2 protein chains.
Amino acid sequence: MTDLHTTNALRLLQVADDFRAGLSGEFSAVHGISVNEFLLLLHLERSAANRLPRVELARRMHVSASTITRMAAPMEKIGLLDREVDERDARLVFVVATNAGRAKLSEALSTFSKRAGYLFGDRCEDEEMDQFASMLRRLIAGTGDTLA
Amino acid sequence: MTDLHTTNALRLLQVADDFRAGLSGEFSAVHGISVNEFLLLLHLERSAANRLPRVELARRMHVSASTITRMAAPMEKIGLLDREVDERDARLVFVVATNAGRAKLSEALSTFSKRAGYLFGDRCEDEEMDQFASMLRRLIAGTGDTLA
DNA sequence: GCGAATCGCTTGCGTACGCAAGCATATTGC
DNA sequence: GCAATATGCTTGCGTACGCAAGCGATTCGC
């Protein structure tokens with residue numbers, strides 16, 4: 001508890017939970033999507049050709065493969081996503097973002113940015129934001145696939 | 001996307017998700033509790049007299065009151081928690097940590113600290129950790145009830 | 001005081017998730 | 001070549017959660 005590493009990890013979780021809880025409400029109200037659906041679209045946008053195999057998407061989002069199946073199904077129905085089967089390996093089913101999906105992501109991203117502004121807003125100097133970014137980049141580094 | 005606030009918010013969510021996912025596995029395997037149960041015990045530990053009204057606990061944990069009811073029930077059964085009714089206001093039901101609950105928290109906290117060490121470990125200088133702590137403290141400030 | 005609104009907690013119902021089993025496709029060992 | 005194994009995806013089942021309704025207890029308006 002006097003350990004600074006522990007304190008910072010706890011604060012990290014708390015800030016992230018607070019931020020996510022705020023996002024969740026506005027996303028469902030304004031854009032009709034969940035935070036996880038937003039992150040799914042974002043992972044696709046950050047990948048080559050706007051598509052990823054379902055199992056890879058699951059790994060990056062820390063969810064099970066079955067969750068991807070069940071999350072993608074309704075998003076395909078409303079036209080945000082499409083599916084493509086790999087030519088070489090018929091086991092691989094790619095999740096693809098449609099134009100509508102990318103547009104939805106773009107809208108949601110502006111809401112996200114607005115709330116990110118609220119979060120850091122006037123509480124932080126530019127120099128601090130740079131240091132913060134540097135810190136977070138290193139913490140993500142081990143994970144491999146970066147989202148930002 | 002070129003916005004540093006947005007980038008940092010995304011990284012914040014990603015680091016927190018990664019860390020939480022890692023914790024989740026070790027907590028259930030080693031201590032037999034979930035991350036949320038751990039946080040519940042921690043909120044009690046950080047409060048006066050190791051007890052909080054259920055509704056207050058719900059607010060701090062960003063969950064609904066019904067979730068507190070359903071989370072506390074099995075923890076009472078195995079002796080980690082107890083319940084106390086307020087003398088003045090019979091509507092208030094306090095969630096209280098038992099000695100067993102505080103012991104369980106202590107065990108889990110050492111696992112938490114170990115993983116916090118892995119997270120920041122050799123990636124961060126002491127001075128950076130201080131800046132990081134200062135940053136996170138300000139980001140939590142608006143929320144009110146601090147966990148760390 | 002006393003009805004009405006409020007508050008805290010619990011319960012029914014629908015939704016989202018993980019795990020294990022099952023199926024189809026690929027790859028490996030021989 | 002052909003079993004045996006491994007990989008990717010989906011489906012059944014159990015669990016955790018939010019929302020809305022309901023029930024006691026309290027406070028407010030008058």
Side-chain angles (χ1 to χ4, degrees), chain A residues 17-18 20-29 32-41 43-44 47 51-78 80-96, chain B residues 17-18 20-29 32-41 43-44 47 51-78 80-96:
Chain A
D17 277 354
D18 291 355
R20 182 185 279 260
L23 260 189
S24 178
E26 187 162 358
F27 267 10
S28 68
I33 62 175
S34 70
V35 176
N36 268 351
E37 288 168 337
F38 165 75
L39 290 174
L40 188 154
L41 289 169
H43 274 287
L44 293 179
S47 67
R51 60 177 212 165
L52 283 173
R54 300 167 105 78
V55 71
E56 175 62 17
L57 204 44
R59 196 184 59 76
R60 297 192 187 190
M61 293 182 66
H62 296 297
V63 298
S64 68
S66 58
T67 295
I68 297 295
T69 294
R70 290 176 167 121
M71 215 176 350
M75 295 177 76
E76 291 170 5
K77 276 204 188 300
I78 61 177
L80 299 179
L81 297 181
D82 214 340
R83 62 162 56 206
E84 291 177 10
V85 179
D86 191 291
E87 299 176 344
R88 309 297 187 82
D89 188 340
R91 292 173 304 181
L92 287 180
V93 182
F94 286 89
V95 180
V96 193
Chain B
D17 278 355
D18 291 355
R20 181 184 279 260
L23 261 188
S24 178
E26 187 162 359
F27 268 9
S28 66
I33 62 174
S34 70
V35 176
N36 269 351
E37 288 168 338
F38 165 75
L39 291 175
L40 189 155
L41 289 169
H43 274 287
L44 294 180
S47 67
R51 60 177 211 165
L52 283 173
R54 299 166 104 78
V55 71
E56 175 62 18
L57 203 44
R59 196 184 61 75
R60 298 191 187 190
M61 293 183 67
H62 296 297
V63 298
S64 67
S66 57
T67 295
I68 297 296
T69 295
R70 288 175 168 122
M71 215 177 348
M75 295 177 77
E76 290 171 6
K77 276 205 187 300
I78 62 176
L80 299 179
L81 296 181
D82 214 340
R83 62 162 56 204
E84 291 178 9
V85 178
D86 189 292
E87 299 176 343
R88 309 297 186 83
D89 188 339
R91 291 173 305 182
L92 287 180
V93 182
F94 286 89
V95 180
V96 194

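Letters A, B, ... are given to chains in the order of the sequence lines, protein chains preceding strands, and every chain is numbered from 1. As the structure is a prediction and not an experimental result, all values here were calculated from the model.
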Practice item. Kindly indicate whether the side chain of B:R91 and the base of C:dC7 share any N or O donor-acceptor pair separated by less than 3.5 Å? Key: yes
Testing D:dC9, D:dT26, C:dA26 for proximity to the side chain of A:D89, the answer is C:dA26
Taken to the nearest whole Å, CZ/B:R70 to C1'/C:dG12 is 8 Å
*Is the backbone N or O of A:A21 less than 3.5 Å from a side-chain atom of A:S24, with the two atoms forming a donor-acceptor pair by type?*
no
Separation of C:dT10 atom P from B:F94 atom CZ, nearest Å, is 13 Å
Whole-Å distance, A:L92 CG to D:dA6 C1', equals 13 Å
Begin from the C-alpha positions of B:R91 and B:D89 and carry the test salt bridge (Lys or Arg N to Asp or Glu O under 4.0 Å) through to its verdict. CA-CA 5 Å; B:R91 291 173 305 182; B:D89 188 339; 2.8 Å; yes
Donor-acceptor pair under 3.5 Å: do we get one between B:S66's side chain and the base of C:dC9? no
Here the distance between atom P of C:dT27 and atom CG of A:D86, to the nearest Å, is 10 Å
Atom CG of A:D17 and atom P of D:dG18 are separated, to the nearest Å, by 12 Å
The answer to which of B:R54 and A:M71 contacts DNA chain C further toward the 5' end, by nearest nucleotide, is B:R54
Among the nucleotides C:dC9, D:dC17, C:dG18, whichever has the atom closest to the side chain of A:V63 is C:dG18
Under 3.5 Å donor-acceptor, B:E37 side chain and B:S34 backbone: yes
In whole angstroms, the gap separating P of D:dC9 from CD of A:E56 amounts to 10 Å
Which is true for A:A90 with a 4.0 Å heavy-atom rule: it touches a base, it touches only sugar-phosphate, or it touches nothing?
-> sugar-phosphate
Heavy-atom nearest pair, B:V93 first then B:R83, reads CG1-NH1, 3.8 Å
message: Is any side-chain heavy atom of A:L44 closer than 4.5 Å to one of A:L57?
response: yes
In whole angstroms, the gap separating C1' of D:dC17 from CG of B:L40 amounts to 15 Å
Atom CE of A:M75 and atom C1' of C:dA16 are separated, to the nearest Å, by 14 Å
(Q) For a quick test of reading the model: is some side-chain N or O of B:T67 closer than 4.0 Å to OP1 or OP2 of D:dC17? (A) no
